[in-house]
**Student:** 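Below is the structure I would like to discuss, written out as structure tokens.
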Amino acid sequence: MHVLKGIKNVLMWFEHRLVLRETFWPIVRHPVPRSLRRKVGWMYVLGSTAMTLLFLQVATGIALSMVYVPSAGEAYESLNYLNFQVPLGWLLRAIHNWSATMMLIVVVLHMTQVFLAGAYKYPRELTWMLGVVLFFCTVGMAFTGQVLRWDADSYWGLGVGAAMIGRIPYIGPALVDLMMGGPMVGGETLSRFFALHVYIIPGILFAALGAHLYLVVRKGISEPPEVGNEVDPETYEEEYEKLIADGEGDPFFPGPMARDAFFIGFTLLFVLAIAVVFGPDGPGLSPDPANVAVEPVPDWYFLSLFAVLALSPRSLETYIILIGPIIVVGVLFMLPIFAGRGERHPFRRPVAVLSVVFIFLALSVLTWLGVTEPWSPHMNAWTGDAVPVNIVKRLSPTEMQGAVVLQLKACRNCHALDGIGGKRGPDLTHVGSRLDRPALVRQVVQGGGNMPAYGKQLTGAQITALVDFLHACRPENRPPAVVPTPGDGVEGPGKLSRAGP
Ligand code: HEC
């Protein structure tokens with residue numbers, strides 16, 4: 001008895017000074033509508049589950065950061081070290097990875113549920129908007145996290161992604177510079193993404209989460225929608241007050257909270273189970289554009305996006321890249337402004353329900369296409385194809401060497417010769433009659449469009465040989481391209497073609 005009393009005294013000593021109970025008790029006991037007692041209440045567990053997964057991410061992320069080295073030279077090694085040397089390091093990585101996937105899924109389900117239940121309508125518009133911010137932060141965490149893996153997948157994804165951002169008029173190159181710490185994927189890129197992944201995005205995320213939670217508690221959990229019950233800003237608050245009035249509402253703790261806790265516990269066990277069974281993701285092959293076996297696949301949740309880009313006609317690509325995101329963000333964000341009142345029940349909102357079905361169908365099909373279609377740059381089979389005989393047979397020795405470089409550097413993952421090869425870039429069979437040497441050198445050394453820069457991967461001699469080969473790629477009876485260069489024609493990259501032993 002004395003012991004208990006002692007403990008109580010100590011606790012009360014803290015309570016007098018911290019006033020925690022007085023502050024938080026009303027929050028955990030805030031009233032929720034009684035209709036949540038029904039089965040439909042199970043739909044309301046997703047938000048707190050997403051939040052718990054976020055905390056799991058923070059905990060495992062901090063632990064990972066104690067070993068992970070965010071430097072281009074060492075990141076890859078440090079992940080392998082975690083996988084194979086650090087006791088249970090693999091499990092830590094696996095949990096971080098799978099719980100991230102799970103978090104993304106739960107966040108999307110949470111959004112869908114809130115959308116279908118019309119819970120974003122008056123007076124919870126801002127709660128929804130903050131939720132949209134949280135969604136994009138989650139996606140941002142997933143993308144930057146995938147880059148931190150710093151293997152061939154992330155390296156290539158980044159290269160292509162940066163080339164796309166580079167297309168934004170006027171500010172594109174500057175944005176790429178900011179994102180990558182230079183005009184292409186380099187040492188500083190990883191530092192930038194590390195900062196984004198552990199400081200910048202989490203900072204925004206937690207600020208938005210705080211505000212989101214504040215509103216959830218202040219404005220109350222929305223009651224499950226009833227058919228025919230329209231949201232009218234004039235009367236809604238009064239009606240809601242009645243739902244949660246003394247004797248009508250239920251305190252959040254213990255009832256609904258227990259349900260949350262049950263589902264959260266289940267989810268955590270599930271994450272642990274798949275982490276143990278499937279283990280950590282990667283790192284895959286080391287990041288090197290010369291890696292012939294590389295098949296850069298973004299994490300599955302970005303496959304749909306890549307499929308859109310890979311399948312869209314090249315002429316529309318730029319517009320899709322530029323305008324698509326603005327539309328998506330705009331629609332999500334402004335939704336409650338345009339549809340902030342009226343019916344909440346999905347039975348009375350056919351357009352809303354059909355949009356959800358359409359979006360999920362479209363995402364599934366695109367993801368499936370992303371997995372199966374030869375979305376470029378597709379990185380297997382073709383690279384092994386030999387340079388077509390009718391091109392080889394008229395080549396000089398240096399040009400032959402160039403053909404070998406082309407083969408080794410896996411250029412045909414993106415480029416076809418005689419129609420065989422990747423489709424991301426133009427067919428190179430007749431490139432010699434389109435581009436002159438300086439232009440060829442520039443393309444190879446600096447990349448551009450959707451092509452990575454190869455300047456750092458090739459020696460001067462290799463570049464010379466490669467350009468000689470490309471120069472020779474033209475119909476037998478056609479002269480090489482002569483593109484008049486302003487000035488004396490000896491510009492920076494042009495000199496490189498003559499460099500080397
Ligand atoms: C990731 C895919 C990819 C890889 C790998 C790639 N390229 Fe490209 N390449 C492209 C794209 C996309 C373009 C079109 C750029 C544009 O539209 O500005 C292009 C354009 C070119 C062009 C100009 C073609 C023209 O007709 O305008 C040449 C030459 C070229 N690449 C050579 C190479 C060589 C040599 C390699 C290997 C060292 C290589 N590429 C590797 C994607 C790639």
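Each ligand, and each atom within it, is numbered from 1 in the order the structure gives. Just so it is clear, the structure is predicted and the values come from calculations on it, not from any experiment.
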**Student:** Any idea how Phe115 and Tyr120 line up, ring-wise: parallel (<30°), tilted (30 to 60°), or perpendicular (>60°)?
**Tutor:** parallel
**Student:** Under 3.5 Å between any N/O of Tyr454 and any N/O of ligand 1: does that happen in this structure?
**Tutor:** no
**Student:** Number the atoms of ligand 1 from 1 as they appear, then name those within less than 4.0 Å of a heavy atom of Pro426, with their elements.
**Tutor:** 13 (C), 14 (C), 19 (C), 20 (C), 24 (C), 25 (C), 26 (O)
**Student:** Distance only, no hydrogens: is a donor on one side chain within 3.5 Å (strictly under) of an acceptor on the other, for Ser191 and Glu188?
**Tutor:** no
**Student:** Any donor-acceptor pair under 3.5 Å linking the side chain of Glu74 with the backbone of Ser71?
**Tutor:** no
**Student:** Looking at Asp468 and Arg437, is there a salt bridge between them, counting it only when a charged N and a carboxylate O are closer than 4.0 Å?
**Tutor:** yes
**Student:** Mind checking whether Leu435 contacts ligand 1 via backbone (N, CA, C, O), side chain (CB onward), both or neither, at a 4.0 Å heavy-atom cut-off?
**Tutor:** side chain
**Student:** Donor-acceptor pair, Ser78 side chain versus Ala75 backbone, under 3.5 Å?
**Tutor:** yes
**Student:** Should one rank Gly402, Cys411, Cys473 by closest heavy-atom distance to atom 36 (C) of ligand 1, which comes out on top?
**Tutor:** Cys411
**Student:** Find all atoms of ligand 1 within a distance of less than 4.0 Å from any non-hydrogen atom belonging to Val431, and give their numbers and elements.
**Tutor:** 24 (C), 26 (O), 29 (C)
**Student:** Tell me whether the rings of Phe263 and Phe266 are parallel (<30°), tilted (30 to 60°) or perpendicular (>60°).
**Tutor:** tilted
**Student:** Which part of Leu440 is near ligand 1, with near meaning a heavy atom under 4.0 Å away: side chain, backbone, both or neither?
**Tutor:** side chain
**Student:** Show me which atoms of ligand 1 lie under 4.0 Å from any heavy atom of Val444.
**Tutor:** 35 (C)
**Student:** Considering only heavy atoms of Leu466, which atoms of ligand 1 have at least one such atom less than 4.0 Å away?
**Tutor:** 35 (C), 38 (C)
